[in-house]
Amino acid sequence: MLMLVPVAGLADRIEGRLNGLACASKGEMCPTDKDDPHVLLERDFVIQTEDGKIFYITNMDWKTKLRYVLRMVRVVGEFSDRSSAITADEFWVKHEDGYRLEWSLERMREKQRRAQQLQQQREPGLEQWQLR
């Protein structure tokens, strides 16, 4: 069953298990142990729904996805029918007490802003040479 639901009229939501792309392409689930060396060879990780459909998360890094491989996830963002992909605004992971927000685009932007501010404090005058 595909869980693609509009959220507050602005975003889409997809729910499923985060799986390795190679495994999902074969209609399989990766080995049940996320520390299995096979998982480290995966090129990417995708959301696999109960009905076997796969969806790419286009703007999350591989390492973050690896941390939550084989977990039930909910991604809120902008869905593209053409590419079976979602650009994530929020990435939720299911825990015993329900879903928890583990990653968000806003958090990442805030980290980038802080890193830029720290860089500018360390190297005053550098901002004039940065491309805008």
R113 CZ: over 12 foreign heavy atoms closer than 6.0 Å = yes
task = Please list, chain by chain and in numerical order, all residues satisfying side-chain contact (heavy atoms from CB on, under 4.5 Å) with N59, sequence neighbours excluded.
result = I57, T87, A88, W103, L105
Considering all heavy atoms, the nearest V93-Y68 contact = CG2-CD2, 3.6 Å
query = Which pairs with one or both residues in residues 17-28 pass salt bridge (Lys or Arg N to Asp or Glu O under 4.0 Å), sequence neighbours excluded?
reply = none
inquiry  = Could you report the tightest heavy-atom contact between M29 and Q48, atom names first, then the distance?
reply    = SD-OE1, 3.3 Å
inquiry  = Measuring only between side-chain heavy atoms, which start at C-beta, is V69 closer than 4.5 Å to E42?
reply    = no
key: Taking every non-hydrogen atom, the tightest pair across T49 and E15   = CG2-O, 3.5 Å
message = I need the full list of salt bridge (Lys or Arg N to Asp or Glu O under 4.0 Å) pairs touching residues 84-98, with sequence neighbours left out, sorted by first then second residue.
response = D97-R100
Flag, side chain of D12 to backbone of F79, donor-acceptor distance under 3.5 Å = yes
ask   = Nearest 0.5 Å, what's the NZ-OH distance between K65 and Y56?
value = 9.5 Å
ask   = To the nearest 0.5 Å, how far apart are CZ in F45 and OG1 in T64?
value = 11.0 Å
N19 side-chain N/O to C30 backbone N/O, donor-acceptor pair under 3.5 Å = yes
